[in-house]
Protein chains: 2
Amino acid sequence: MARDARRRILDTAARLFYGEGVHTVGIDRIIAEAGVAKATFYHHFKSKDALVCAYLTAHFDGQRAEFATLPGTGRAKLEAVFARIAEVCASPGFRGCAFLNAAAEFADPAHPARGVVAEYRAWFRSLMRRLLAEEGHPDPEAGSRLLLLLRDATAVSGALDPPDQARETTEAALDRLLTA
Amino acid sequence: MARDARRRILDTAARLFYGEGVHTVGIDRIIAEAGVAKATFYHHFKSKDALVCAYLTAHFDGQRAEFATLPGTGRAKLEAVFARIAEVCASPGFRGCAFLNAAAEFADPAHPARGVVAEYRAWFRSLMRRLLAEEGHPDPEAGSRLLLLLRDATAVSGALDPPDQARETTEAALDRLLTA
DNA sequence: CCCAATGTAGACAGACCTGTCTGGTAATGT
DNA sequence: ACATTACCAGACAGGTCTGTCTACATTGGG
């Protein structure tokens, strides 16, 4: 046992921060559920804010890796990406987009966590831009903004509306937004 | 002075809750900035949760009243509503949709605040349904879901993207979502 | 005029928060 | 074998949180 304390902390933080919100979950609870000493926690993370950033960054890395495995190029890949998003957003236990929730919790745009959120959004948009360009879309720049919009909307709907609504409506919207 | 303590509390709560987040603003701060005694606060609101619900409900009422003053019917009114939304979301000081932010802060769907959010969403969607029906839209039910999606997306974008992006992208998306 | 409602000021309890610190244990690398 | 590193357990400080309480002032309706 032992060399995996950091991983246990990150896993527990991901579960609790995502499931219950960053502000409502304290360090004490994380170290208790991770089975870790307080000194160990502060050995690996200099503060709670640092842990929040690490949690978001790990989430970012995971999503980047997941989308990279999806097959296809251009529009086919685009549809695969949104199918995956819609699937996740309609799955049980979905509690909204981790980045959007974090942004809502940290009102100050200068907060480090907001930086990770901004990086994520920039990455997602550039992915959309690339896929639209591959497809020969007339205006990948404007198109990517529409698709970022759709991504956000699907996440919100998945969190607040009946499970299937987000998936079906996203499909319909994707069609309309792509064929212009 | 005096008979307006409740209003001062509500105004202060709206400003602070919206601007800095519900969890980060304490009762002590609200009563201090509202210039009100603690006993007075707990005389008007039985708990902080009750104040949060009152804040959201007031916001709901305000938006309902605002949309009611917009002229036109059918598609004209629809476009007026979204123009207003986009304008608000692109204005300085916009920190996201109060309902979406509150929903993100209260992870438990059974929290009273989440009830107000659900009521708001149901109202907005029924408004969309009505306007689409007036316009002779072939499927107001599905259409209203698309427009709720767009509303959410505009709010998120207004909070996280450069000011003008939300407005322009919303306009473009509205066109595509309405003409099928 | 008097009573009830509404207001102010602020102490207090009990809980929880983050972050620091001490002290001791187990695994690792050289 | 031994030093280093990672780890566990838990006390502690200093602050903030919600909600209750006492004690007193003001105001308006009957």
Side-chain angles (χ1 to χ4, degrees), chain A residues 1-56 58 101-102 104-108 110-114 116, chain B residues 1-56 58 101-102 104-108 110-114 116:
Chain A
M1 57 191 66
R3 269 318 185 307
D4 53 348
R6 187 177 207 277
R7 177 117 319 262
R8 289 206 309 278
I9 293 169
L10 263 180
D11 289 347
T12 307
R15 179 169 51 87
L16 296 181
F17 282 165
Y18 179 72
E20 305 183 24
V22 173
H23 285 318
T24 63
V25 173
I27 292 295
D28 283 340
R29 178 121 176 265
I30 289 176
I31 66 169
E33 297 202 16
V36 148
K38 206 161 200 178
T40 303
F41 171 81
Y42 281 101
H43 170 74
H44 286 289
F45 302 94
K46 85 174 223 298
S47 66
K48 184 183 180 181
D49 277 353
L51 176 64
V52 173
C53 288
Y55 146 63
L56 291 176
N101 287 348
E105 286 206 68
F106 295 101
D108 179 7
H111 191 283
R114 291 287 293 268
V116 183
Chain B
M1 57 188 57
R3 270 313 184 316
D4 52 349
R6 188 177 207 276
R7 177 118 318 262
R8 290 205 309 277
I9 293 170
L10 263 180
D11 290 347
T12 307
R15 179 168 53 84
L16 296 180
F17 282 165
Y18 179 73
E20 306 182 23
V22 172
H23 285 318
T24 63
V25 173
I27 292 296
D28 283 340
R29 178 123 174 264
I30 289 176
I31 67 170
E33 297 202 16
V36 148
K38 206 162 200 178
T40 303
F41 171 81
Y42 281 101
H43 170 74
H44 286 291
F45 302 94
K46 87 175 221 300
S47 66
K48 184 183 180 181
D49 277 353
L51 176 63
V52 173
C53 288
Y55 146 64
L56 290 175
N101 288 348
E105 286 206 68
F106 295 101
D108 180 7
H111 190 282
R114 291 288 292 268
V116 183

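Just so we're on the same page: letters track the sequence lines, and every chain starts at 1. This structure is a prediction, so every number in the text was calculated from the model and none was measured.
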If you check every side-chain atom of [X], which of [options] has the closest atom?
| X | options | answer |
| --- | --- | --- |
| B:His44 | C:dG7, D:dA9, C:dT18 | C:dG7 |
| B:Ala39 | C:dG7, D:dC8, C:dT8 | C:dT8 |
| B:Ala5 | D:dC7, C:dG7, C:dT18 | C:dG7 |

With heavy-atom distances below 4.5 Å as the criterion, would you say the side chains of [X] and [Y] are in contact?
| X | Y | answer |
| --- | --- | --- |
| B:Leu51 | B:Ile30 | yes |
| B:Val22 | A:His23 | no |
| B:Thr40 | B:Arg6 | no |

Rounding to an integer number of Å, can you tell me how far [X] [atom1] sits from [N] [atom2]?
| X | N | atom1 | atom2 | value |
| --- | --- | --- | --- | --- |
| B:Phe41 | C:dA5 | CZ | P | 21 Å |
| B:Tyr42 | D:dT18 | OH | P | 6 Å |
| A:Ile27 | D:dG10 | CD1 | C1' | 16 Å |
| B:Arg8 | C:dG7 | CZ | P | 8 Å |
| A:Ile31 | D:dC7 | CD1 | C1' | 13 Å |
| A:Ile9 | D:dC8 | CD1 | C1' | 12 Å |
| B:Arg29 | D:dT18 | CZ | C1' | 16 Å |
| A:Arg7 | D:dA6 | CZ | P | 16 Å |

- prompt: Would you say C:dT6 has OP1 or OP2 under 4.0 Å from some side-chain N or O of B:Thr40?
  reply: no

Item to complete: For D:dT5, take OP1 and OP2 only and decide whether either is under 4.0 Å from a side-chain N or O of A:His43.
Response: no

Can you find a donor-acceptor N/O pair under 3.5 angstrom joining the side chain of A:Lys38 to the base of C:dG19? yes

Between A:Val25 and B:Ala34, whichever has its closest DNA chain C nucleotide further toward 5' is B:Ala34

Residue pair B:His23/A:Ala37 against DNA chain D: nearer the 5' end by closest nucleotide is A:Ala37

B:Lys38 and B:Ile27 have their tightest heavy-atom pair at CE-CG2, 4.4 Å

* Is a donor on one side and an acceptor on the other found under 3.5 Å between the side chain of B:Thr24 and the backbone of B:Glu20? -> yes

